[in-house]
> 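Got a structure for you, questions after.
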Amino acid sequence: MFRRFFLKTEKYDACDYLVVILTTMLVIFGIVMVFSASYYSSLSSVSGSPFSYLKKQLVFAVIGFVLMYVMSYTDYHLMRKWSLWIILISYMLLVAVLTPIGTSVNGAQRWIILGPVSLMPGEIAKFGVICFVASYFAFDIRRIKSFFRGVLPMVLLAGSIGALIVKQPNLSTAITVVGIIFCMMFIAGLEKKWIACAMGLGVAGLIIVAQTKTFWARRILSFTDPFKDPKGAGFQAVQSLLALGTGGFTGLGLGKSVQKNLYLPEPQNDFILAIIGEELGFLGILILLIVFILLIWRGMQICMNAPDRFGMMMAGGITIMIGLQVVLNVAVVTSSMPVTGIALPFISYGGNSLWILMGSIGVLLNISRQSEQPEPNAMTREARQVHLKKKTSV
């Protein structure tokens with residue numbers, strides 16, 4: 001029954017193994033850094049064991065590799081058939097998490113607890129919008145040239161999902177989801193006037209919010225001078241900068257971070273890059289960013305070589321999701337933008353983010369499996385015609 005969903009022929013055995021290697025490197029490095037960053041906070045927790053976060057992250061990683069393998073052999077065209085259901089489920093979960101069904105932690109209501117598993121609808125929404133936008137424009141690429149058929153539906157999609165995520169509140173995920181939709185519209189062929197209009201509206205919106213005295217205004221302005229309120233709005237940014245500054249070029253050494261000792265809150269999560277910088281220095285961060293750049297480059301190669309428009313849009317959306325999260329996380333950790341709480345892909349602690357990312361990498365691999373790869377010794381059509389003419393003339 002399920003045989004038609006999978007690709008099992010020799011024709012599709014080869015995939016982009018560089019993507020597999022880079023992803024595996026990032027996940028293994030993430031496990032090591034989660035253990036290092038969480039050691040002291042884990043030891044000080046209720047469990048009293050320094051290995052509690054490590055054990056959970058190992059389980060998350062194993063499940064993630066299974067997802068990546070399964071999705072790499074699952075025909076990605078099924079995502080097109082299921083795209084409407086995926087986005088509808090994303091909407092329902094985003095609404096459900098704001099009801100008593102959702103669980104609130106530290107003032108944020110972002111989780112739905114189902115026994116031993118907790119779901120983050122915001123993470124699921126990222127994959128949902130990728131599938132839906134890819135399917136929407138793959139059906140008729142000319143839609144992007146029309147305001148009412150292309151631009152307006154995407155604005156409504158971004159606005160509605162973004163508003164539900166901000167309500168949690170989860171500004172970083174909302175920015176990521178809206179950014180994914182906008183960048184996928186650009187891949188589809190969005191006209192320059194709409195790009196300029198969107199950028200203008202975004203800047204105007206930030207200026208208007210910054211002029212108010214709301215919570216969001218304080219968050220937006222705190223990054224400009226985090227040391228102005230080092231124990232309040234700028235606390236996390238200050239501790240992050242101290243960690244990066246202490247690490248210098250080569251770092252203090254793996255496991256020797258000082259800021260992770262209850263100075264930097266939840267160091268294994270959104271600010272794990274600061275711990276990497278403190279322990280492995282600028283050099284460690286540079287190598288990590290090179291690996292990310294290589295992964296993003298391979299993702300764009302798969303996007304450009306995709307066998308059809310839907311595959312191109314899916315590969316582009318997945319690559320954009322990874323790239324956006326890397327850029328936002330680095331910006332937050334270096335106090336180049338307001339603290340929003342964005343996970344570093346494949347590195348930060350957490351199951352939902354890792355599963356969505358690794359499952360998405362599986363889809364990326366499946367697209368690469370179905371891309372037409374020219375045989376190295378194959379004769380081109382033009383060369384074959386010349387060869388046949390020479391042969392017949394003889």
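Computed over heavy atoms, backbone and side chain alike; hydrogens, waters and symmetry mates excluded. The first residue in the sequence is number 1, and the count goes up from there.
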> For R143, give me all partners under salt bridge (charged side-chain N to carboxylate O under 4.0 Å, His left out), at least two apart in sequence or on another chain.
none
> Considering all heavy atoms of both residues, which atom of I367 and which atom of A315 are nearest to each other, and what is their separation?
CD1-N, 3.8 Å
> Ignoring hydrogens and geometry, is there a side-chain-to-backbone donor-acceptor pair from K145 to G189 under 3.5 Å?
yes
> Does N366 form a side chain to side chain donor-acceptor pair (under 3.5 Å) with S368? I'd like the steps, not just the answer.
CA-CA 5 Å; N366 186 261; S368 73; over 6 Å; no
> To the nearest 0.5 angstrom, please state how far the CD atom of Q236 sits from the CG atom of L241.
12.0 Å
> How many angstroms lie between atom CD1 of I63 and atom CG of L354, to the nearest 0.5 angstrom?
9.5 Å
> Which of these, F35, F271, Y53, sits in a ring-ring contact (aromatic ring centres under 6.0 Å, His included) with Y349?
Y53
> F127 and S360: side chain to side chain contact (heavy atoms under 4.5 Å, CB included), yes or no, with the steps?
CA-CA 8 Å; F127 186 73; S360 298; 3.5 Å; yes
> Can you tell me how far OG1 of T173 sits from CG of L164, rounded to the nearest 0.5 angstrom?
13.0 Å
> To check you understand the geometry: which heavy-atom pair defines the closest contact between S257 and I275, and what is its length?
OG-CD1, 3.7 Å
> Do V20 and I293 sit in the same hydrophobic cluster, where Ile, Leu, Val, Met, Phe, Trp and Tyr count as joined when their side-chain heavy atoms come under 4.5 Å apart?
no
> Mark yes or no for whether Q57, through its side chain, and G350, through its backbone, hold a donor-acceptor pair below 3.5 Å.
yes
> Can you get from I165 to V332 by hopping between Ile, Leu, Val, Met, Phe, Trp and Tyr side chains that sit under 4.5 Å apart?
yes
> Side chains of R80 and M313, heavy atoms from C-beta outward: is any pair under 4.5 Å?
no
> Any chance you could lay out the side chain to side chain contact (heavy atoms under 4.5 Å, CB included) test for M154 and M184, step after step, and finish with the verdict?
CA-CA 10 Å; M154 293 298 105; M184 290 184 71; over 6 Å; no
> Within the 4.5 Å heavy-atom criterion, are I187 and I320 side-chain neighbours or not?
yes
> Are I87 and V129 close enough, and set up right, to give a side chain to side chain contact (heavy atoms under 4.5 Å, CB included), and what steps lead you there?
CA-CA 6 Å; I87 197 67; V129 297; 3.9 Å; yes
> Between V34 and F29, is there shared hydrophobic-cluster membership here, with clusters defined by ILVMFWY side-chain heavy atoms closer than 4.5 Å?
yes
> Could you check whether Q259 and T246, counting side-chain N and O atoms only, form a donor-acceptor pair closer than 3.5 Å?
no
> Do I276 and I347 pass the side chain to side chain contact (heavy atoms under 4.5 Å, CB included) test, and can you show the C-alpha distance, the side-chain angles, and the key distance before you say yes or no?
CA-CA 10 Å; I276 295 172; I347 308 295; 4.0 Å; yes
> Is the backbone of T99 close enough, under 3.5 Å, to the side chain of Q109 for a donor and an acceptor to pair up by distance?
yes
> Can you find a heavy atom in the side chain of E279 that is under 4.5 Å from one in the side chain of M33?
yes
> Does the ring center of F65 lie less than 6.0 Å from the ring center of Y69?
no
> Is there a donor-acceptor pair under 3.5 Å between the side chain of T334 and the backbone N or O of V330?
yes
> Can you tell me how far CH2 of W355 sits from CD1 of I124, rounded to the nearest 0.5 angstrom?
10.0 Å
> I'd like to check the salt bridge (charged side-chain N to carboxylate O under 4.0 Å, His left out) partners of D308; sequence neighbours left out, ordered by chain and number.
none
> Does I180 reach the side chain of V133, with side-chain heavy atoms less than 4.5 Å apart?
no
> Give me the atom names and distance for the closest heavy-atom approach of M120 to N352.
N-OD1, 2.9 Å
> Do S160 and Y91 pair up side chain to side chain, a donor and an acceptor below 3.5 Å, judged on atom types alone?
yes
> Indicate yes or no for a side-chain donor-acceptor contact from S135 to the backbone of C131 under 3.5 Å, with no hydrogens or angles considered.
no
> Shared ILVMFWY cluster between L288 and I290, side chains joined below 4.5 angstrom?
yes
> Keeping R369 on the side-chain end and S72 on the backbone end, is there a donor-acceptor pair under 3.5 Å?
yes
> Just verifying a value: how many Å separate T23 OG1 and L365 CG, rounded to the nearest 0.5 Å?
7.0 Å
> Please name the pair of heavy atoms, one in D270 and one in N329, separated by the smallest distance, quoted to 0.1 Å.
O-ND2, 2.9 Å
> Looking at residues at least two apart in the chain, or sitting in another chain, which of them share a side chain to side chain contact (heavy atoms under 4.5 Å, CB included) with R142?
D140
> Does a side-chain heavy-atom distance below 4.5 Å link L18 with W297?
yes
> How close do P345 and L357 get, counting heavy atoms only, and between which atoms?
CA-CD1, 3.6 Å
> State whether the number of non-hydrogen atoms from other residues, nucleotides or ligands found under 6.0 Å of F139 atom CZ is greater than 12.
no
> Salt-bridge test for K260 and E278: reply yes if a basic N is under 4.0 Å from a carboxylate O, no otherwise.
no
> With side chains defined as the heavy atoms from C-beta onward, is the minimum distance between L280 and I287 less than 4.5 Å?
no
> With rounding to the nearest 0.5 angstrom, report the CG to CD1 distance, L93 to I112.
5.0 Å
> With a 3.5 Å distance limit and no angle check, can you tell me whether S348 reaches the backbone of N269 through a side-chain donor-acceptor pair?
yes
> Could you pull out the closest heavy-atom pair between L295 and L22, with the gap in Å?
N-CD1, 3.5 Å
> Judged by atom type as modelled, is there a donor-acceptor pair below 3.5 Å linking the side chain of R149 to the main-chain atoms of I144?
no
> Is I296 linked to M304 within one hydrophobic cluster, defined over Ile, Leu, Val, Met, Phe, Trp and Tyr using a side-chain heavy-atom separation of less than 4.5 Å?
no
